[in-house]
Amino acid sequence: MKPATDINIQPHAPVLVMDSGVGGLSIAEHIRKTCPDTPLFYLADNGAFPYGDKDESWLVARVVQLAETLVSQYPIKLLVLGCNTASTVVLPALREALSIPVVGVVPAIKPAAALSQNAHIGLLATPGTVSRSYTNQLISDHAPHCEVTRVGSTEVVRIAEEKLEGKSVDLNRLQQAVAPLFETESLDTVVLGCTHFPLLLDELKEIQPRPILWVDSGAAIARRVAMLLSQKGVNSASPEAQDPTDHNIVFLTREVSPDSALMRSFNRSGFDQLRILSPADA
Ligand code: DGL
């Protein structure tokens, strides 16, 4: 990370949550509960959705460029990369490029391995995340005693995205996409290793053939954000510094109608202003 000595962080400056689409909302929701006074910005790179099948070097350049653009234009005090696909490859470059703290979201292999009674866990994530060397390392560090069944699916990401675009979830389609998780009786715990997937938790529970523990990173990320904010003391200064017009903005890289079901989903998550970040800006 660049030295932070010359940064003038505004006390009520927002935390930025980034993802390829709506997935990071599952993280934003936890941050709102844990840090209710912290304004949030959200960037959905919907112009490049999905990230799960993108080349690693392309992803690094894209995410760093978008983050640098917003951080240079707004007084953002902390960035949460609310995307496992990006976090498992972009974090070192992002921390090098930015002067603010960066929190990444990576698959919750460690808690899942500790919770599994049968030492058999599933990893449901994007094709990118399941095949990363970062993920291999997480598994050998934290779940060496576990059998790990990996399912990489862009289809499940699309189903989640469509749900928040107002479409009803086809349970057969979801069932087909996650079927390998249900094949072996011993698998009792599944890591939701993509931030889109907690948005489908009700539906996943509906189709599970036996009790399964579904584990995600949302609460842990929110605790980490709260800890970093309290360490820096950025929440303690006077509320007069707050500029309410700059709060709770959702940035998109492809235009959507302000009346769309997608915008209503962002509104429900507390994002009431829409701004388009054009490719020329980023
Ligand atoms: N929500 C993202 C993740 O956690 C990315 C999904 C995608 O764009 O493929 O991996």
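Atoms within each ligand, like the ligands themselves, are counted from 1 in listed order.
For Ala219, the side-chain contact (heavy atoms from CB on, under 4.5 Å) partners two or more places apart in sequence, or in a different chain, are His30, Arg223. Evaluation of the ring pair (Phe, Tyr, Trp, His ring centres under 6.0 Å) rule for Phe182 yields no partner, not counting sequence neighbours.
The closest side-chain donor-acceptor pair between Thr129 and Arg132, if any, does not fall under 3.5 angstrom.
Annotation for Val215: hydrophobic cluster partners, listed by chain and number, are Leu115, Leu213 (ILVMFWY side-chain heavy atoms under 4.5 Å, direct or chained).
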Between ligand 1 and the protein, which N/O pairs fall short of 3.5 Å?
residue	atom	partner	partner atom	Å
ligand 1	1 (N)	Asp19	OD1	3.1
ligand 1	1 (N)	Asp19	OD2	3.2
ligand 1	1 (N)	Thr195	OG1	2.8
ligand 1	1 (N)	His196	ND1	2.8
ligand 1	4 (O)	Asn84	N	2.8
ligand 1	4 (O)	Asn84	ND2	3.1
ligand 1	4 (O)	Thr195	N	2.8
ligand 1	4 (O)	Thr195	OG1	3.3
ligand 1	8 (O)	Ser20	OG	2.5
ligand 1	8 (O)	Tyr51	N	2.7
ligand 1	9 (O)	Tyr51	N	3.3
ligand 1	9 (O)	Gly52	N	2.7
ligand 1	10 (O)	Asn84	N	3.4
ligand 1	10 (O)	Thr85	N	3.0
ligand 1	10 (O)	Thr85	OG1	2.5

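With a 6.0 Å cutoff to the six-membered ring centre and a 45° limit on the axis angle, Arg158 does not count as a cation-pi contact of Phe197.
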Exercise. Given ring-ring contact (aromatic ring centres under 6.0 Å, His included), test Tyr42 with Phe266 step by step and report yes or no.
Key: CA-CA 9 Å; Tyr42 191 90; Phe266 284 120; 5.6 Å; yes
